[in-house]
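Each chain gets a letter, A, B and so on, in the order the sequences are listed, and its residues count up from 1.
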Amino acid sequence: DAGVTQSPTHLIKTRGQQVTLRCSPKSGHDTVSWYQQALGQGPQFIFQYYEEEERQRGNFPDRFSGHQFPNYSSELNVNALLLGDSALYLCASSLPGQGGDYGYTFGSGTRLTVV
Amino acid sequence: GEDVEQSLFLSVREGDSSVINCTYTDSSSTYLYWYKQEPGAGLQLLTYIFSNMDMKQDQRLTVLLNKKDKHLSLRIADTQTGDSAIYFCAERDAGNMLTFGGGTRLMVKP
């Protein structure tokens with residue numbers, strides 16, 4: 001049973017460019033959340049998608065947008081990249097309303113470096 | 001807004017117990033979690049506790065929750081070198097968003 005898969009694993013972009021990160025949720029999960037983890041810090045919630053709609057959003061600018069497809073996979077798009085966007089981007093999948101060990105399964109992340 | 005605080009660093013000797021502490025501010029938290037992150041890897045769920053529980057034990061792991069003081073701890077018994085990693089506590093709000101602490105780096109010396 002595959003867990004959460006993210007692609008690519010590493011990415012280098014130039015300031016001002018746009019980037020798309022991808023996530024396939026764990027089998028059976030239909031909710032996808034995205035987190036940004038800057039170096040030396042804990043992950044910060046970006047947004048969550050359920051039924052192809054953004055259900056909840058953290059304190060991130062509109063440059064960060066997302067999409068969820070009918071097969072529950074998701075994309076995170078970041079426009080007009082800044083140096084401060086360099087981070088590990090983590091995707092987590094879950095079933096809605098489930099907690100505890102039925103909760104969130106994290107992928108290994110995409111390491112984005114903006115130069 | 002919600003805030004989760006952890007101490008930055010903990011060093012223990014192999015075989016000793018480790019206790020990692022966490023404080024949080026959101027009284028509406030439903031679940032509280034402990035995650036482990038090894039270098040270059042994602043987050044691995046270690047254990048969780050529902051907010052109406054005081055304690056949960058899972059093999060070498062013991063979670064204590066003091067809801068009045070909003071204090072959460074993770075005790076690792078018989079700590080091994082393979083336990084060296086960064087440990088994050090996280091609280092889950094009613095909207096299913098996780099708020100993480102900054103992480104505690106655990107170093108286990110042989």
Side-chain angles (χ1 to χ4, degrees), chain A residues 2-7 9-10 21 23-26 29-51 53-60 87-111 113, chain B residues 1-9 20 22-26 28-53 56-59 61 63 65 72 85-105:
Chain A
V4 176
T5 57
Q6 293 187 243
S7 63
T9 53
H10 295 85
L21 311 182
C23 172
S24 292
K26 181 178 178 179
H29 284 182
D30 58 5
T31 300
V32 173
S33 304
W34 287 92
Y35 288 81
Q36 181 196 65
Q37 186 178 20
L39 196 62
Q41 297 181 25
Q44 287 195 299
F45 177 77
I46 303 175
F47 42 52
Q48 183 179 85
Y49 277 84
Y50 171 65
E51 292 187 339
E53 290 190 2
E54 183 182 292
R55 187 162 73 164
Q56 198 172 358
R57 188 178 183 94
N59 189 24
F60 278 79
L88 179 68
Y89 288 85
L90 294 164
C91 173
S93 72
S94 61
L95 290 168
Q98 293 288 337
D101 59 359
Y102 296 107
Y104 308 90
T105 302
F106 280 82
S108 297
T110 294
R111 172 75 60 188
T113 302
Chain B
E2 301 86 1
D3 198 16
V4 180
E5 302 276 347
Q6 297 179 242
S7 52
L8 286 177
F9 187 76
I20 303 171
C22 171
T23 57
Y24 62 99
T25 58
D26 186 1
S28 67
S29 297
T30 55
Y31 286 89
L32 295 124
Y33 301 85
W34 284 102
Y35 282 89
K36 177 183 180 182
Q37 187 175 40
E38 297 184 81
L43 298 174
Q44 174 194 352
L45 177 65
L46 288 178
T47 187
Y48 68 96
I49 188 166
F50 188 48
S51 57
N52 69 353
M53 297 170 64
K56 180 179 180 182
Q57 189 153 0
D58 185 0
Q59 299 182 324
L61 305 178
V63 179
L65 175 60
L72 182 74
I86 301 176
Y87 291 80
F88 292 96
C89 67
E91 60 175 353
R92 175 186 164 191
D93 69 6
N96 300 325
M97 181 180 88
L98 297 182
T99 300
F100 286 85
T104 299
R105 182 177 295 275

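- Considering only residues two or more places apart in sequence or on other chains, F88(B) meets the ring pair (Phe, Tyr, Trp, His ring centres under 6.0 Å) condition with none of them.
- Of the two parts of Q37(B), only the side chain, counted from C-beta on, holds a non-hydrogen atom closer than 4.5 Å to a non-hydrogen atom of chain A.
- Here the OH-CZ distance, from Y104(A) to R92(B), works out to 4.0 Å after rounding to the nearest 0.5 Å.
- Atom-to-atom distance recorded for M97(B):CE and R55(A):CZ is 13.0 Å, nearest 0.5 angstrom.
- With a 4.5 Å cut-off on non-hydrogen atoms, F47(A) does not touch chain B at all.
- Residues meeting the ring pair (Phe, Tyr, Trp, His ring centres under 6.0 Å) test with F60(A), sequence neighbours left out: F64(A).
- Environment of CG in N59(A): sparse, with no more than 12 heavy atoms of neighbouring residues, nucleotides or ligands closer than 6.0 Å.
- Remark: Q6(B) pairs with T104(B) by the side chain to side chain donor-acceptor pair (under 3.5 Å) rule, at least two apart or across chains.
- Residue L88(A) holds its CG atom at 8.0 Å from CG of L43(B), rounded to the nearest 0.5 Å.
- Contact annotation for residues 36-43 of chain A against chain B (heavy-atom separation below 4.5 Å, listed by residue number): Q37(A), G40(A), Q41(A), G42(A), P43(A).
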| task | Apply side chain to side chain contact (heavy atoms under 4.5 Å, CB included) to the pair F45(A) and D93(B), showing each step before the final yes or no. | result | CA-CA 12 Å; F45(A) 177 77; D93(B) 69 6; over 6 Å; no
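- For the pair F100(B)/Y35(A), a side-chain contact is recorded, criterion being any heavy-atom separation below 4.5 Å from C-beta on.
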